[in-house]
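The structure appears right after this line, and notes come after that.
Proteins come first, then strands; the chains are lettered A, B, ... in the order of their sequence lines, and each starts at number 1.
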Number of protein chains: 2
Amino acid sequence: MTKIGIRYTKPRKLIFKALNHFSKPVSAAEINFYLKNKIDLTSIYRTLELMKKINIIEETEFGDGKKRYELMKNNKHHHHLVCENCGDVENIEMKEDNLLDKVKNKSSFLIKEHKLEFFGLCPNCQ
Amino acid sequence: MTKIGIRYTKPRKLIFKALNHFSKPVSAAEINFYLKNKIDLTSIYRTLELMKKINIIEETEFGDGKKRYELMKNNKHHHHLVCENCGDVENIEMKEDNLLDKVKNKSSFLIKEHKLEFFGLCPNCQ
DNA sequence: TATATTATTGCAAATGATTTGCAATATGTC
DNA sequence: GACATATTGCAAATCATTTGCAATAATATA
Ligand SMILES: [Mn+2]
Ligand SMILES: [Mn+2]
Ligand SMILES: [Zn+2]
Ligand SMILES: [Zn+2]
């Protein structure tokens, strides 16, 4: 009875490195491109799925039908500003206790998480 | 030189009626099902695209890879609570001036819109 | 009302992102 | 190093959404 856990393989290392390289949410295709096709898209998807499950990345959607993933560096929850013109993304952190309390008061849902994204124009594109 | 504008056709009336029937964001497929396949999915997509363009519906994503649309009844901006278990959706309205001001202060983006969705468990599923 | 003009529809086929099946390969254990 | 099992790559499948196009419906105006 040999039991082995999750393996930290070469593909996974590369994908982790890729995610770490970006400071914003990136799609599977972008990771693939960054890694110059070294790792199959399928494996990228599977690895992302895994990383999501073990909670080291976060999934976001900006509305263009592609899921994006971002490393939860230092575990700091944050949101994004997305430029509708050039696609540039800025991270944004803020205190949101007020907001959350407000919602918890208004509803009887048990809230586990939330996503908040802003869309507009970056300084360059204004 | 005859020029004609946007037509309020039978399919469009039906799709509008369907959207009006739901009080939450629904997918093209859900509309199609509600209308018992009377209207082709393609036309539903095209109509939704149009309605989005003329600003009478709003597009949302709950993270399952399907876009959802909701009539902007009384034009009131709001957000959602989504049950991760049964998929139930609750609308939520709140004052968010503070939040928005905070973001505007922190960033030099010109913000046009934002999306905020909460995920958790509805009363029934807790 | 009939006719002309243009917008819209449905259907089939294309696309694009993500998933699945499976045999070949890489990893960690003993 | 040999074994047991987890992971990979590749091909094919799926699912949501889009596109091309000829047939049909809606409106203007004669
Ligand atoms: Mn971020
Ligand atoms: Mn709503
Ligand atoms: Zn920009
Ligand atoms: Zn529920």
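Centroid-to-centroid, the aromatic rings of B:His114 and B:His79 come within less than 6.0 Å. For B:Tyr34 and B:Phe22, the ring centers sit closer than 6.0 Å to each other.
At the phosphate of C:dT8, OP1 or OP2 sits under 4.0 Å from a side-chain N or O atom of B:Arg12. Remark: B:Ser43 is not in phosphate contact with C:dT8, judged by side-chain N or O atoms under 4.0 Å from OP1 or OP2.
Distance alone, capped at 3.5 Å, is enough to place a donor-acceptor pair between the B:Asn32 side chain and the B:Ile39 backbone. Checked by atom type and distance alone, the side chain of B:Glu58 never pairs as donor or acceptor with a backbone atom of B:His77 at under 3.5 Å. B:Ser107 contributes no side-chain N or O that, together with a main-chain N or O of B:Val103, makes up a donor-acceptor pair within less than 3.5 Å. No donor-acceptor pair closer than 3.5 Å links the side chain of A:Asp88 to the backbone N or O of A:Cys122.
Counting to the nearest Å, the P atom of C:dT27 and the OH atom of A:Tyr8 are 13 Å from each other. Between the CD1 atom of B:Ile39 and the C1' atom of D:dT24 there is a distance of 13 Å, rounded to whole Å. The distance between atom NZ of B:Lys38 and atom C1' of C:dT9, rounded to the nearest whole Å, is 15 Å. Distance, B:Leu48 CG to D:dA16 P: 15 Å, rounded to whole Å. For the pair A:Asn32 CG and D:dT8 C1', the interatomic distance rounds to 14 Å; values are reported in whole Å. B:Ile44 has its CD1 atom 9 Å from the P atom of C:dG10, to the nearest Å.
Taking a cutoff of 4.0 Å between a charged side-chain nitrogen and a carboxylate oxygen, A:Lys102 and B:Glu96 do not qualify as a salt bridge. Salt-bridge annotation for A:Glu59 and A:Lys52: present, with a side-chain N of the basic residue lying under 4.0 Å from a carboxylate O of the acidic one.
Comparing D:dT8, C:dG28, C:dT9 by their closest approach to the side chain of A:Arg7 singles out C:dG28. Picking from C:dT9, D:dT8, D:dC10 the nucleotide with the shortest atom distance to the side chain of A:Asp40 gives D:dC10.
Terminal axes of the helix from C:dT1-D:dA30 to C:dC30-D:dG1 (five pairs each, C1' rotation axis) are separated by 30°, to the nearest 10°.
Enclosure of atom NZ in A:Lys73 by more than 12 non-hydrogen atoms of other residues, nucleotides or ligands within 6.0 angstrom is indicated. Atom NZ of B:Lys17 sits in a sparse spot, with 12 or fewer heavy atoms from other residues, nucleotides or ligands closer than 6.0 Å.
Here the OG-CG distance, from B:Ser108 to A:Leu121, works out to 11.5 Å after rounding to the nearest 0.5 Å.
Scanning residues 13-23 of chain B for heavy-atom distances under 4.0 Å to DNA chain D yields an empty list.
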Could you list the protein-to-nucleotides 15-20 of chain C atom pairs, N/O on both sides, closer than 3.5 Å?
residue: C:dT18; atom: OP1; partner: A:Lys67; partner atom: N; Å: 2.8
residue: C:dT18; atom: OP2; partner: A:Tyr45; partner atom: OH; Å: 2.2
residue: C:dT18; atom: O5'; partner: A:Tyr45; partner atom: OH; Å: 3.1

